[in-house]
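All chains are named by letter (A, B, ...) in the order of the sequence lines, taking the proteins before the strands, and each is independently numbered beginning at 1. In what follows, every heavy atom counts, from backbone to side chain, and hydrogens, waters and symmetry copies are set aside. What you are looking at is a predicted structure, and each value in this text was computed from that prediction instead of being measured.
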Amino acid sequence: MNIELDIAQLIAKGIKATFHQEIAPEELTIQPTKKEFEGDFTLVTFALTKSLKRKPEEIGEALGEYAKNNSELIANYNVIKGFLNLKLSESFWLQTLASITHTKDYGKAPFHGTKVMVEYSSPNTNKPLHLGHLRNNFLGYSVAEILKASGYEVMKTNLVNDRGIHICKSMLAYKKFGQGETPQSAGIKGDHLVGNYYVIFDKENKKQIEQLVAHYQAETPNEDIEKLKEKAGKNTPLILEAQEMLRKWEEGDKETVDLWKKMNGWVYEGFEATYKMMGVSFDKIYYESNTYLLGKNVVEEGLEKGIFFKKENGSVWIDLKEEGLDEKLVLRADGTSVYITQDLGTADYKYADFPMEKSIYVVGNEQDYHFKVLFTILKKLGRNYADGMYHLSYGMVELPSGKMKSREGTVVDADDLIEEMISIAETRTKELGKIDDFSAEEAKNLYRMLALGALKYYLLRVDPKKTMLFNPEESIDFQGDTGVYIQYIHARICSLLRRAEVLNIDYNLANIPNAQQAIKLHQVEIELIKLIASLPKKIKEAAEEYAPSVMADFAYTLSKAYSKFYNELSVFNEPDEASKSMRLALSAETAKAIKTAMGLIGVEVPERM
RNA sequence: GUUCUCGUAGCUCAGCUGGAUAGAGCAACUGCCUUCUAAGCAGUAGGUCGCAGGUUCGAAUCCUGCCGGGAACACCA
């Protein structure tokens with residue numbers, strides 16, 4: 001259902017009948033009427049003055065009259081300057097509600113099977129997940145759900161960065177200082193354990209840097225201190241040893257590979273627990289340890305096609321100046337890969353795995369340049385899938401104290417944060433004392449639902465592209481524009497529906513005799529129907545813009561409208577049976593729409609709270 | 001230096017494919033629980049939409065310049 005389009009078509013007919021001109025319905029501006037004015041939808045007639053050569057008021061009057069006389073849809077109209085406000089008939093809104101009631105999965109588009117891959121999360125296996133990962137994971141999961149609801153066949157993937165020098169740092173520190181510690185013996189999650197050794201490496205390495213700098217200064221007292229620091233940073237015994245370890249790993253040295261396997265195993269166990277708690281999942285996990293050698297064939301291909309060129313020292317480059325970019329290295333002089341080499345190869349690899357029309361990379365905006373280059377190269381190489389690639393670039397999450405810095409220990413750990421939120425949800429719920437009859441398990445599940453709801457909503461309500469502020473106090477707020485508020489509205493509706501069940505009230509609109517005549521709709525009710533009816537459009541918009549914030553906003557606006565309705569009108573005290581049933585049906589559809597929208601941002605809604 | 005990005009109420013964010021008097025939430029203040037869950041509702045107050053030009057009947061929205069914040073531009077990943 002697309003009400004705006006119906007109206008636009010009607011108006012287009014009116015223009016033809018009245019002014020004898022053809023204007024495509026899509027060209028007309030139909031928008032919701034501002035609430036200060038009477039009406040439901042508004043046609044902006046300013047835009048028509050040129051082609052129709054009339055005054056805006058004149059056009060408005062003529063088209064308003066036409067619409068009212070030629071369609072059951074339009075009950076009334078008014079013209080204010082260049083705006084034609086149309087009021088739709090009550091019977092139309094009732095029919096709309098009835099038709100929504102009968103539609104299964106209202107709002108979701110039918111499956112069209114276009115394939116899309118969504119890659120997100122992409123953690124490093126040297127430290128646990130933090131707040132930044134939460135935004136990434138929630139975004140990726142949500143976008144995947146939204147695309148599914150828009151009819152796509154979705155493949156969720158995770159490309160785990162499980163090799164490289166940073167992994168060796170944790171491994172080396174563990175080897176030196178670990179004394180055989182395990183997650184079991186230490187009583188902490190594996191990812192945290194490994195992360196601790198990464199920190200230890202950094203600390204020990206810093207000491208060595210200081211020593212080295214002092215040493216250098218003794219030798220060359222006149223050299224710039226910053227230069228010495230930089231030199232020292234590359235030459236500490238620990239760094240050299242880590243590099244040696246990486247070399248051994250690449251050679252397949254058994255001891256090194258075994259240690260790598262053991263420690264990565266711990267990390268995966270830890271990640272799995274965190275992913276499960278977050279409620280995200282993947283259809284396929286790729287590991288860089290398997291893909292890091294890919295891409296060299298692509299370099300060969302590029303050279304053959306004359307798209308890449310070789311410099312004297314043997315390094316391979318591409319010139320992207322014409323595209324407004326720069327020259328970019330794609331293979332080192334020693335023939336080893338750089339980051340983008342892998343990504344080129346992996347792109348082919350993923351496409352061979354799952355021949356998709358679209359491929360979305362959920363990666364932070366600090367890599368904007370990288371993806372611009374990557375996509376441009378793939379296009380130049382003639383990859384037919386390149387046009388469907390999209391970098392869902394999201395902004396950083398900052399704290400009131402500024403940026404998160406792992407070195408300064410200001411990183412908000414994902415597990416800690418979730419745990420804290422759950423505990424706050426528990427305290428708050430107990431204070432209110434509304435679920436005293438819940439079993440321990442039910443209560444625990446509710447706390448988790450509320451905590452994750454608050455967190456996900458807080459992170460997803462903001463436009464993904466923008467840098468956002470994470471204010472811990474606000475994020476646990478349960479009032480106003482929050483996930484918990486929406487969950488609360490849903491729980492309240494469920495409470496009404498349970499009561500209707502107990503009272504055995506039938507609220508199937510088809511069974512209401514003479515509904516069209518019997519029911520007089522109130523403005524709040526019309527507003528609600530209007531909002532629910534806009535769900536398909538909202539899902540479409542969210543999918544086109546890869547913006548979960550659209551769904552979050554929809555759920556909040558709808559919840560607020562319902563709250564107003566709930567306070568203004570009573571359901572069970574309504575003497576008119578037809579109206580009572582209609583309000584129940586309306587409540588049920590509101591709950592469904594809230595559940596759908598929240599589901600698309602990965603938030604569950606409780607039936608009681 | 002070059003490129004990208006952001007700048008809307010005290011704070012956090014909507015609105016940006018141009019349309020009416022720029023909206024929410026938080027914080028502040030005032031009301032509303034003997035009626036369906038007060039994790040709620042209603043209301044008051046709060047704005048040079050960073051600044052200056054331009055395009056247009058009409059600009060927070062599009063274009064240009066400037067100011068301010070952030071980021072990227074490695075034979076790192």
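For the C1' atoms, the distance linking B:U44 with B:U5 amounts to 38 Å, nearest Å. When the C1' atom is compared between B:U21 and B:C26, the two are found 25 Å apart, to the nearest whole Å. Spacing between B:C62 and B:C16 at atom P, rounded to whole Å, works out to 10 Å.
In terms of polar N and O atoms assigned as donor or acceptor, the side chain of A:Asn85 comes within less than 3.5 Å of the base of B:A20 in a complementary pairing. Residue side chain A:Thr42 reaches the base of B:A20 through a donor-acceptor N/O pair under 3.5 Å, judged by distance alone.
Base pairing analysis places B:U37 opposite nothing; no Watson-Crick or G-U wobble pair with both distances below 3.5 Å involves it. As the counterpart of B:A45, no nucleotide is assigned, since no Watson-Crick or G-U wobble pattern has both distances under 3.5 Å. Under the Watson-Crick or G-U wobble criterion, with both distances below 3.5 Å, B:C73 is paired with B:G1.
A donor and an acceptor atom, one from each side chain of A:Tyr566 and A:Ser587, are nowhere located under 3.5 Å apart.
Here the side chain of A:Lys434 is nearest to one of B:C41, B:U37, B:A77, namely B:U37. The A:Arg428 side chain lies nearest to B:A39 when the options are B:C36, B:A39, B:U12.
Put simply, A:Tyr485 has no side-chain N or O that comes within less than 4.0 Å of OP1 or OP2 on B:A38.
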Exercise. With side-chain hydrogen bond (donor to acceptor under 3.5 Å, both in side chains) as the test, would you mind laying out the steps for A:Thr125 and A:Asn264 before giving the verdict?
Key: CA-CA 7 Å; A:Thr125 57; A:Asn264 267 348; 3.0 Å; yes
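The glycosidic torsion of B:C33 lies within 90° of 0, placing the base in the syn range.
Taking the six-membered ring for Trp, A:Tyr349 and A:Tyr286 have ring centres closer than 6.0 Å.
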